[in-house]
Number of protein chains: 2
Amino acid sequence: MAEGGGAASPGGESLLFLTDEQLRKGIEAMFFAYRGFTADPDRILETRGYGRAHHRAIHFINRQQGQTVNTLLAMLGVTKQSLNRVLRTLIEDGLVESRVGRKDKRERHLFLTEDGKALERSLSEAQRVRMRAAYRAAGPAAVAGFRQVLEAMMDPDLRRHYQAMKDSGT
Amino acid sequence: MAEGGGAASPGGESLLFLTDEQLRKGIEAMFFAYRGFTADPDRILETRGYGRAHHRAIHFINRQQGQTVNTLLAMLGVTKQSLNRVLRTLIEDGLVESRVGRKDKRERHLFLTEDGKALERSLSEAQRVRMRAAYRAAGPAAVAGFRQVLEAMMDPDLRRHYQAMKDSGT
DNA sequence: TTGGAAAGTCAACAAGGCTGACTTAAAACA
DNA sequence: TGTTTTAAGTCAGCCTTGTTGACTTTCCAA
C-alpha cells in the first residue's frame, strides 16, 4: 500500500515525486481509474439503451433541478445539437420534464421526473459503491489528497463550475 | 484548501467523509478532472487529425516497445477491429512499425518509430505539465492519497495491468 | 496433419461528438 | 414602436470510435 517512490516526504517538501516516471504513473492511474469509475453506470445504462451522454445530463439536471438548457450546456461542454439529441429522448421517455420559464418564456427549465430520479439514484448509487470502497481502502487522508489533486487538475472554467456547486446540499 | 467535511480525522478513522454528499463531490471531481486531463493532448492530436484512440495506442506502445497486438488489446479494452483501424493509420503515417515475430511469426510486435516517439513525447509532456502543476499545488501528501484512491478505484484486471508496469523504468 | 490461436480485413451499424443553416418566440433595446 | 439579440430547438451532414459478424491467412503445436 505504501508508495514506493519516496513520496513519504519525511521532513521537507520532497520533490522526488515529480520525476517523469512518477508523473507517468499518475497519468496511467487516471486512465485506468476512469475506466473503473464509469464501468458500473455504463452497465446499467446499457440495459435501458442509454449511453454516458444520458448519464451526464441526468446527473447535472438532478444536481440543480430547474436549471436552463444553457446552464446545462456550459456544464457539459458540448454543443446544443449534441445535448438536444440526448435531452429529447429523455423527455420522450418521461425521465426529464422541460417547463417554460415563468419570468423569461424563452427559457426551458429542466427537471427530473420521479422515473428520472429513480434512474439517477441507481446510477449514482452504483458509482458511490465503488467510490466508497476506494475511499475506505485508501483512508481519510488519501481522500483529501485525491480531491485536492483532482481539483488542481481541472481547467479554471470547470473548476469554477465544480466549486460553485460545492455546498448546495441537495 | 482544507476539507470542509471533517476529513481531518483527529483521532480515529472518522466515517464522516463517507456521506453521499462527499461521495458525490468525489464523483464530480473525477468527471471535471478527467476533462482537464485529456484537454492538452487532445489539442495536439487535433492538429494532426488524430483522436484519443491514437493517443492511447501510442502511449501503450511506447510503454512497452515490441509488445504484441493482443497485449495491447488487453490493455486498451477495445475490439481488435477498433484497434486495427487506428493502428493502420499510425503505421501508414510512419509513426508505428509492426514487425513479424521471430519466434512466433503470427505475432506482430509493435514499435514506435522516431516520428512516433517524437509525437509521444509531445503528448505526454503536455500531460505531464498539467500533472506537475497539480501535484505542486496539492503537495506530496495529497499526491500519495490521489494515487491510492485511484488505484483502489480500478477494476481488478486493470489494476493488475497498472501494477505490472509499475517499475519497468523505460 | 489437423485443430486452433493470432492477426488482419470487410461490411454494416450505433453513439455521440461536430459544423452550418435556419426557425420561432420572446426579451431587450434604441 | 420597430429592430436586434438571445434561448431554444431542428434539420442535414460529417467524423471518430466503438460494436458484431463473417471470413481469410498464417503457422504453432498436439
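Letters A, B, ... mirror the listed sequences (proteins, then strands); counts begin at 1.
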Which part of the nucleic acid, if any, lies within contact of [X], taking any heavy atom under 4.0 Å across all strands shown: a base, the sugar-phosphate backbone alone, or nothing?
X       : result
B:Arg52 : sugar-phosphate
B:His54 : sugar-phosphate
B:Arg88 : sugar-phosphate

Salt bridge or not between [X] and [Y]? Use side-chain N to carboxylate O under 4.0 Å.
X        : Y        : answer
A:Glu120 : A:Lys117 : no
A:Asp155 : A:Arg160 : no
B:Glu125 : B:Arg132 : yes
A:Glu46  : A:Arg48  : no
B:Arg52  : B:Asp42  : yes

Verdict with reasoning, B:Gln65 to B:His109, per side-chain hydrogen bond (donor to acceptor under 3.5 Å, both in side chains): CA-CA 8 Å; B:Gln65 296 262 354; B:His109 297 268; over 6 Å; no
What is the separation between atom [atom1] on [X] and atom [atom2] on [N], rounded to the nearest whole Å?
X       : N      : atom1 : atom2 : answer
B:Arg35 : C:dG17 : CZ    : P     : 10 Å
A:Leu83 : D:dA7  : CG    : P     : 15 Å
A:Glu46 : D:dG18 : CD    : P     : 15 Å
A:Leu45 : C:dA14 : CG    : P     : 19 Å
A:Asp42 : D:dT19 : CG    : P     : 12 Å
A:Leu87 : D:dA8  : CG    : P     : 10 Å
A:His55 : C:dG17 : NE2   : P     : 13 Å
B:Arg48 : D:dC15 : CZ    : P     : 21 Å

Protein proximity profile, nucleotides 23-30 of chain D - base contact B, sugar-phosphate-only contact S, no contact -, cut-off 4.0 Å on heavy atoms: ---BBS--
Value rounded to 0.5 Å, distance of CG in A:Asp40 from CG in A:Leu123: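 A:Asp40 CG to A:Leu123 CG: 10.5 Å, rounded to 0.5 Å.
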Straight-line distance of A:His161 NE2 to A:Thr71 OG1, nearest 0.5 Å: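 That separation rounds to 9.0 Å.
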With a 4.5 Å heavy-atom cut-off, do [X] and [Y] have their side chains touching?
X        : Y        : value
A:Leu90  : A:Leu112 : no
B:Arg121 : B:Arg128 : no
A:Gln127 : B:Arg24  : no

Donor-acceptor pair present, A:Arg85 side chain and C:dG17 base, under 3.5 Å: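 Present.
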No-H, no-angle donor-acceptor pair, A:Gln81 side chain to C:dG16 base, under 3.5 Å: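 Counting by modelled atom types and ignoring angles, no donor-acceptor contact under 3.5 Å is found here.
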Distance flag, aromatic centroids of A:Phe60 and B:Phe31, threshold under 6.0 Å: yes
Stretch residues 70-77 of chain A: residues that reach within less than 4.0 Å of DNA chain C through a heavy atom: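 Contacts with DNA chain C under 4.0 Å: A:Gly77.
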Those residues of residues 117-125 of chain A lying under 4.0 Å from DNA chain C by at least one heavy atom: none
Which residue lies more 5' along DNA chain C, comparing A:Ser82 with B:Leu110 via nearest heavy atoms: B:Leu110
Phosphate OP1/OP2 of C:dG17 contacted by A:Thr79 side-chain N/O (<4.0 Å): no
OP1 or OP2 of C:dT9 under 4.0 Å from side-chain N/O of B:Asn84: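 Looking at the OP1 and OP2 atoms of C:dT9, one of them is under 4.0 Å from a side-chain N or O of B:Asn84.
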